[in-house]
Amino acid sequence: MAKLAAKCLMAGDPAVGKSALAQMFCNDGSHFQKNYTLTTGVEMLVKNVAIPETNSIVELFIFDSAGKELFSEVLEKLWEHPNVLCVVYDVTSEQSFNNCAKWLEKLRAQALGINLPGVLVGNKTDLIGRRVVEQKQAQEWAQNHGLEYCETSVKEMENFEAPFHILANSFHRLYQEKRGETAKQK
């Protein structure tokens, strides 16, 4: 059985649901925080993800980052050497979607030229009448930037595990490929 560790960086504008998403996932859906509290700096959460059809587990170290620019200097040190990336936006906020490019650029700057697996997450899909970013638009953006895409409603506990399972599986696949390359070189 292989147990792998992956550093997952989460980024996005304030109040898009990064902390709620990470906490819901790490607490197996048992905790939705109704009152918004601003994340200052970074909160780290840890969760094991079993990889289907293998004996492997990926231990995700999820770095839930503040969305405010105010904390950006602190983040740069804590963001060093990521393995997977998660960019979150609010489907009811065009601004939060437009800022994904900025967040992705900041995250990828930490990857030192390595192409890392990543996922774009559209959150708050329960707010149907207020939606301004269409799924097709976001999927195309994600694809054009080399990211997987999924939508969630953390509040309604819908699909909140998907981004992390996508990331863990992608990381495991990369590990397997690198292991295969190393074996061929020997």
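Everything quoted here is computed from the prediction, not taken from an experiment. Computed over heavy atoms, backbone and side chain alike; hydrogens, waters and symmetry mates excluded.
For Ala6, the side-chain contact (heavy atoms from CB on, under 4.5 Å) criterion is met by Val58, Leu60, Asn83, Phe171, not counting sequence neighbours. Qualifying side chain to side chain donor-acceptor pair (under 3.5 Å) partners for Ser93, counting only residues two or more places apart in sequence or in other chains: Ser96. Remark: Leu174 pairs with Pro117, Glu177 by the side-chain contact (heavy atoms from CB on, under 4.5 Å) rule, at least two apart or across chains. Among residues two or more places apart in sequence or in another chain, the side-chain contact (heavy atoms from CB on, under 4.5 Å) test is passed with Val46 by Met44, Glu59, Phe61.
Using a 4.5 Å heavy-atom threshold, the side chains of Val121 and Leu21 count as touching. For the pair Asn169/Ile51, a side-chain contact is recorded, criterion being any heavy-atom separation below 4.5 Å from C-beta on. Here the side chains of Thr152 and Pro163 are in contact, with some heavy-atom distance below 4.5 Å. Residues Ser170 and Val84 fail the side-chain proximity criterion, which asks for heavy atoms closer than 4.5 Å. Two residues are said to be in side-chain contact when any heavy atoms from C-beta on lie closer than 4.5 Å; Leu9 and Trp103 fail this criterion.
Looking only at distances, no side-chain donor or acceptor of Thr125 sits under 3.5 Å from a matching main-chain atom of Glu151. A donor-acceptor pair under 3.5 Å links the side-chain atoms of Lys18 to the main chain of Asp13, judged by distance alone. Side chain of Arg130 to main chain of Val132: no donor-acceptor pair is present (N/O by atom type, distance under 3.5 Å, no hydrogens or angles). Within the 3.5 Å criterion, the main-chain N or O of Ala22 finds no donor-acceptor partner in the side chain of Asp64.
The ring of Phe25 has its center closer than 6.0 angstrom to the ring center of Phe164.
Contacts classified as salt bridge (charged side-chain N to carboxylate O under 4.0 Å, His left out) and involving residues 47-57 (residues at least two apart or in different chains) are given here: Asp28-Lys47. Pairs passing the salt bridge (charged side-chain N to carboxylate O under 4.0 Å, His left out) check and including a residue from residues 89-100, sequence neighbours excluded, read Asp90-Lys124.
The distance from the CG atom of Leu104 to the CG atom of Leu147 is 5.5 Å, given to the nearest 0.5 Å. Separating the NE2 atom in His81 from the CD1 atom in Ile114 is a distance of 9.0 Å, to the nearest 0.5 Å. The CG atom of Asn98 sits 11.0 Å away from the NZ atom of Lys102 when rounded to the nearest 0.5 Å. Note that CD of Gln143 and CG of Leu120 are 12.0 Å apart. Values are rounded to the nearest 0.5 Å. Within the model, atoms CG of Asn123 and CD of Glu158 stand 10.5 Å from one another, a figure rounded to the nearest 0.5 Å. A distance of 10.5 Å separates CZ in Phe160 from SG in Cys26, rounded to the nearest 0.5 Å.
For the side chain to side chain donor-acceptor pair (under 3.5 Å) test with Ser56, the passing option among Gln176, Lys3, His172 is His172; the others fail.
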Notebook entry, point to check: So Gln95 and Tyr89, side chain to side chain contact (heavy atoms under 4.5 Å, CB included) or not? Walk me through it.
Noted result: CA-CA 9 Å; Gln95 184 68 46; Tyr89 74 96; over 6 Å; no
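Between His145 and Trp141, the ring planes are parallel. Angles under 30° get that label, and only those over 60° would be called perpendicular.
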